[in-house]
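Read through the structure below, which is laid out as C-alpha cells, and then see the notes.
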Amino acid sequence: MTIRPINQITIQDDEQYAYSVSPYEMANALGNVIAILQEYTFTRMDDNSEPQPYKLYKTKEGNWYEIHSSAPSLENNILRKLKTAIDMQETPVEI
C-alpha cells in the first residue's frame, strides 16, 4: 500500500486543509473486495480548533462515493467544498 505525501488545499472560505490520499479497499459483507477507491483524509490547518479529520472517497472514474452519508448539514457543506476544490485541482486546464 502506497500513501502519497501530505498536500494542502484551500477551499472557498479561505480555509486551509492538509490532506493525504491512499488506496481504500471496499469489501462486501463476506470480506471480498468489491472496489478500490482513493481515500482522501483532510484535516483543517487551524491552531484554534481541535483537529477533526474528514474522509472522502473517490472512484478511479472520478466519482465521489459516500461511505458515511449521515453527516450533519454543516459537515455536508464542508465536504461539498472539499470535493469541489479537489476536482478543480485535479482537472487539467485546457488552453
Side-chain angles (χ1 to χ4, degrees):
M1 177 165 74
T2 303
I3 298 177
R4 295 185 205 169
I6 294 181
N7 302 296
Q8 292 183 9
I9 195 159
T10 303
I11 62 173
Q12 300 174 330
D13 303 333
D14 291 329
E15 295 176 357
Q16 292 188 337
Y17 289 81
Y19 74 96
S20 62
V21 183
S22 59
Y24 176 81
E25 293 182 347
M26 185 170 25
N28 63 14
L30 299 175
N32 298 324
V33 175
I34 57 172
I36 298 185
L37 307 172
Q38 293 298 311
E39 179 182 67
Y40 289 76
T41 304
F42 297 91
T43 305
R44 186 170 176 186
M45 298 172 60
D46 181 3
D47 296 333
N48 299 330
S49 61
E50 188 171 323
Q52 176 182 0
Y54 298 101
K55 292 192 181 230
L56 292 171
Y57 302 87
K58 195 173 192 180
T59 65
K60 64 182 176 183
E61 295 82 20
N63 299 314
W64 291 102
Y65 193 88
E66 297 291 335
I67 292 181
H68 307 289
S69 61
S70 61
S73 62
L74 176 61
E75 186 173 313
N76 283 337
N77 189 32
I78 293 169
L79 295 177
R80 180 185 51 77
K81 290 177 183 179
L82 288 169
K83 289 176 189 178
T84 301
I86 289 294
D87 285 341
M88 288 176 59
Q89 179 175 301
E90 292 180 348
T91 302
V93 177
E94 294 183 25
I95 299 176

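This chain uses plain numbering: 1 for the first residue, then up along the sequence.
In this view, K83 and L56, W64, E66 satisfy the side-chain contact (heavy atoms from CB on, under 4.5 Å) rule, not counting sequence neighbours. Residues satisfying the side-chain contact (heavy atoms from CB on, under 4.5 Å) test with N63, not counting sequence neighbours, are T59, E61. In this view, Y54 satisfies the ring-ring contact (aromatic ring centres under 6.0 Å, His included) rule with no residue, not counting sequence neighbours. Taking the side chain to side chain donor-acceptor pair (under 3.5 Å) definition, one finds that T84 meets it with nothing, sequence neighbours left out. Scanning for side chain to side chain donor-acceptor pair (under 3.5 Å) contacts around Q8 gives an empty result, with sequence neighbours left out. In terms of the side chain to side chain donor-acceptor pair (under 3.5 Å) criterion, residue partners of E15 (sequence neighbours excluded) are, by chain and number, Y17.
The salt bridge (charged side-chain N to carboxylate O under 4.0 Å, His left out) contacts involving residues 19-42 comprise E39-K55, where partners must be two or more places apart or lie in separate chains.
To the nearest 0.5 angstrom, I9 atom CD1 is 9.0 Å from M88 atom CE. Expressed to the nearest 0.5 Å, how far NZ of K81 lies from CG of L79 amounts to 11.0 Å. Atom-to-atom distance recorded for L30:CG and N28:CG is 5.0 Å, nearest 0.5 angstrom.
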Practice item. Go through the steps for K58 and D87 under the test side-chain contact (heavy atoms from CB on, under 4.5 Å), then give the verdict. Key: CA-CA 10 Å; K58 195 173 192 180; D87 285 341; 2.8 Å; yes
Exercise for review: Verify side-chain contact (heavy atoms from CB on, under 4.5 Å) between Y19 and I86, making sure each step is shown before the conclusion.
Suggested key: CA-CA 10 Å; Y19 74 96; I86 289 294; 3.7 Å; yes
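For the ring-ring contact (aromatic ring centres under 6.0 Å, His included) with Y24, the lone residue among Y40, Y65, Y57 that qualifies is Y57.
Heavy atoms only, all atoms of each residue included: I36 and P23 are closest at CG2-CB, 4.4 Å.
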